[in-house]
Amino acid sequence: MDNALEKVRKHTRRMSESLKRSPIKEPRSTIIDDHPPPIALHLDGTELLFENGVWSPANENGAVLRDQLAMLTDRNQVLEEENQMLKFKLELLMDMLAVSKLDVLRLQEAQRH
């Protein structure tokens, strides 16, 4: 058993010397920039800036896209409301159909007797 334990001890992996050393040679700066520059994103001729946690257009194309997004959001809201109304109407018609089917079955049963 001691022989097996010795083999395990011999074959334990040790961290390579290259992994122990940091690849960064220069000392890290302790200065934190409270106001970093805004992040710019360029997409198909439109430039957007990310400042203070909000994306905003940097040129006229971005303003046009923002207006289109607002229009599409409003249209989506209208369509969702219409969809809810149609679902309600469908449920109501299904209930009315079930009631009328039960009435027909009762009348047929009454005619048999």
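Side chains included, hydrogens not; waters and symmetry mates left out as well; all remaining heavy atoms used.
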If you draw a 6.0 Å radius around CG in N52, do more than 12 non-hydrogen atoms from other residues or ligands fall strictly inside? no
Among residues two or more places apart or on two chains, list those pairs meeting ring-ring contact (aromatic ring centres under 6.0 Å, His included) that have a residue in residues 48-69. F50-W55
If you measure from CG on D74 to CG on L79, what distance do you get to the nearest 0.5 Å? 11.0 Å
Using residues 84-113 as the side-chain source, report each donor-acceptor pair under 3.5 Å to any protein atom, sequence neighbours left out, with the distance given to one decimal.
unit_1: S100; atom_1: OG; unit_2: M96; atom_2: O; d: 3.3
unit_1: S100; atom_1: OG; unit_2: L97; atom_2: O; d: 2.9
unit_1: E109; atom_1: OE2; unit_2: H113; atom_2: NE2; d: 2.8

Counterpart residues, salt bridge (charged side-chain N to carboxylate O under 4.0 Å, His left out), relative to E81 (two or more places apart): none
